[in-house]
There are 2 protein chains.
Amino acid sequence: MMEIDTLDRKILRELQSDADQSLEEIGARVGLSRNACWRRIRQLQEAGIIRKRVALLDPDKLGLGLTVFIQLRAAHHRPDWLEFFARTMKDMPEIVGAYRMTGDLDYLVQARVADMADYDRLYRQIIARIELSDVSASFVMEEIKETTELSL
Amino acid sequence: MMEIDTLDRKILRELQSDADQSLEEIGARVGLSRNACWRRIRQLQEAGIIRKRVALLDPDKLGLGLTVFIQLRAAHHRPDWLEFFARTMKDMPEIVGAYRMTGDLDYLVQARVADMADYDRLYRQIIARIELSDVSASFVMEEIKETTELSL
DNA sequence: AGTGAAAGATTATCGGA
DNA sequence: TCCGATAATCTTTCACT
């Protein structure tokens with residue numbers, strides 16, 4: 001485990017909000033030389049605190065305007081059911097989140113699709129592949145907040 | 001609106017999964033010169049299809065090991081209630097997602113906290129600030145999938 | 001921790017398919 | 001219009017103080 005001080009946190013905040021900044025810029029913002037910054041960032045990467053850098057795309061502009069949360073119940077407890085479920089979720093690119101919740105048979109799945117017709121296709125795929133005792137969907141009317149930035 | 005072809009999509013896929021790659025690498029992967037890549041990426045940025053680049057951090061290593069989904073019901077329909085709610089959500093850094101769902105009074109909120117005690121603090125903050133008719137929380141036992149990559 | 005220089009990446013411009 | 005090449009500029013990286 002690595003210890004993170006106030007300066008590391010400042011750097012992380014910058015990188016979480018915009019990873020395009022040069023070391024010079026980040027240094028200026030956090031009050032450190034470009035080099036001191038670089039060394040800290042490298043350490044944070046090596047420690048796995050910075051997992052990776054990615055581009056965030058606009059779902060609407062890519063025709064993925066509908067977000068849906070799907071609540072599922074497993075058909076039964078079986079050692080391999082969860083493994084198969086996990087694999088299937090990872091296989092389906094529309095699915096952006098899948099969580100096993102408290103209450104052992106309950107799963108919450110978040111997906112991004114084009115529209116209702118597209119959701120229907122996804123729904124059919126899911127029920128065709130996975131044994132479920134219950135499925136119910138709620139649709140997002142308005143995205144009030146969605147961020148990858150963690151509280152530091 | 002900009003039209004996106006197969007090569008753009010390939011580039012977007014690369015950038016979604018790893019934005020640290022050099023233009024040379026991306027070019028090699030998609031079968032384009034580093035230059036052609038650069039031009040396409042710039043266009044995609046200008047069109048807002050690439051929103052930004054960010055660093056993704058490891059929540060566990062930052063002491064945010066507990067994810068919770070909170071279901072809320074608004075106390076009433078009022079023009080300014082939603083606005084205040086939205087502002088409050090954006091203000092609270094533990095909250096990583098907030099969605100108004102079908103069923104007009106229903107909201108789903110995703111938060112990342114350290115542990116149950118920390119969730120309790122968040123819960124108290126929420127009910128202190130916002131008028132709600134109902135609040136219920138479900139905790140994530142296992143994160144099966146969570147990605148920022150959109151289906152292209 | 002900071003300086004400076006080498007290596008590497010990005011950006012702009014140009015001529016050609 | 002879009003490609004690839006070349007060249008100028010800016011960034012990252014690293015040895016040294």
Side-chain angles (χ1 to χ4, degrees), chain A residues 1-64 93 114 147-150 152, chain B residues 1-63 147-152:
Chain A
M1 265 272 141
M2 178 188 169
E3 32 170 336
I4 300 161
D5 66 12
T6 312
L7 285 165
D8 289 326
R9 249 185 280 271
K10 278 193 190 176
I11 292 171
L12 291 173
R13 251 181 242 119
E14 289 301 324
L15 291 177
Q16 279 198 111
S17 86
D18 179 7
D20 276 329
Q21 298 171 89
S22 72
L23 289 167
E24 206 86 53
E25 284 173 303
I26 297 167
R29 277 176 204 279
V30 308
L32 227 48
S33 76
R34 101 201 114 124
N35 238 265
C37 266
W38 177 72
R39 275 190 287 259
R40 279 167 185 267
I41 289 169
R42 186 153 61 83
Q43 278 194 301
L44 290 162
Q45 271 162 182
E46 274 161 17
I49 291 164
I50 298 174
R51 285 201 304 120
K52 57 176 175 173
R53 292 171 207 225
V54 301
L56 299 182
L57 310 185
D58 185 319
D60 292 338
K61 294 196 170 126
L62 291 162
L64 294 169
T147 183
T148 57
E149 295 180 40
L150 302 179
L152 298 167
Chain B
M1 265 268 143
M2 178 189 169
E3 32 170 336
I4 300 161
D5 67 12
T6 312
L7 285 165
D8 289 326
R9 249 184 284 271
K10 279 192 190 176
I11 292 171
L12 291 174
R13 252 182 241 119
E14 290 301 324
L15 291 177
Q16 279 198 112
S17 85
D18 179 6
D20 276 330
Q21 297 172 89
S22 72
L23 290 167
E24 204 88 51
E25 284 173 303
I26 296 167
R29 278 177 203 279
V30 309
L32 228 47
S33 75
R34 101 192 119 182
N35 236 281
C37 265
W38 176 73
R39 274 189 294 258
R40 279 166 183 267
I41 289 169
R42 183 153 60 83
Q43 278 194 302
L44 290 162
Q45 272 163 182
E46 274 161 16
I49 291 164
I50 298 174
R51 286 201 305 120
K52 57 176 176 173
R53 290 169 208 228
V54 301
L56 298 182
L57 311 184
D58 185 320
D60 292 338
K61 293 197 168 125
L62 291 162
T147 183
T148 56
E149 293 179 41
L150 302 179
S151 164
L152 297 169

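In this text the structure is predicted, and so the values were computed from the model without any measurement. Just so it is clear: chains get the letters A, B, ... in the order the sequence lines come, proteins before strands, and each one is counted from 1.
Between Gln21(A) atom CD and dT10(C) atom P there is a gap of 17 Å when expressed in whole angstrom units. Taking atom CG of residue Leu44(B) and atom P of nucleotide dC2(D), one finds them 12 Å apart after rounding to whole Å. The CZ atom of Arg42(A) sits 9 Å away from the C1' atom of dC14(D) (whole-angstrom rounding). Per the geometry, CZ belonging to Arg39(B) stands 13 Å off C1' belonging to dT10(C), to the nearest Å. We find that CG of Leu23(B) is positioned 14 Å from P of dT11(D), with the value rounded to whole Å. In this structure, Ile4(B) atom CD1 and dC2(D) atom P are separated by 14 Å, rounded to whole Å. Look at CG on Asp20(B): it is 16 Å from P on dT11(D), rounded to the nearest Å. Atom CG in Leu15(A) sits about 14 Å away from atom C1' in dT12(D), given to the nearest Å.
Heavy atoms of Arg40(A) sit nowhere under 4.0 angstrom from any nucleic acid atom.
Not a single donor-acceptor contact under 3.5 angstrom links the side-chain atoms of Asn35(B) to the base of dT10(C). In this model, no side-chain donor or acceptor of Arg34(B) finds a partner on the base of dG8(C) within 3.5 Å.
Taking only side-chain nitrogens and oxygens, Trp38(A) comes nearer than 4.0 Å to OP1 or OP2 of dT13(D).
Between Asp8(A) and Arg40(A) there is a salt bridge, since a side-chain N of the basic residue sits under 4.0 Å from a carboxylate O of the acidic one. The existence of a salt bridge linking Glu46(B) and Arg42(B) is confirmed by a sub-4.0 Å separation between a basic side-chain nitrogen and an acidic carboxylate oxygen. A salt bridge between Lys10(A) and Glu14(A) is absent, with no side-chain N of the basic residue lying under 4.0 Å from a carboxylate O of the acidic one.
Within a 6.0 Å sphere centred on NZ of Lys52(A), other residues, nucleotides and ligands contribute more than 12 heavy atoms.
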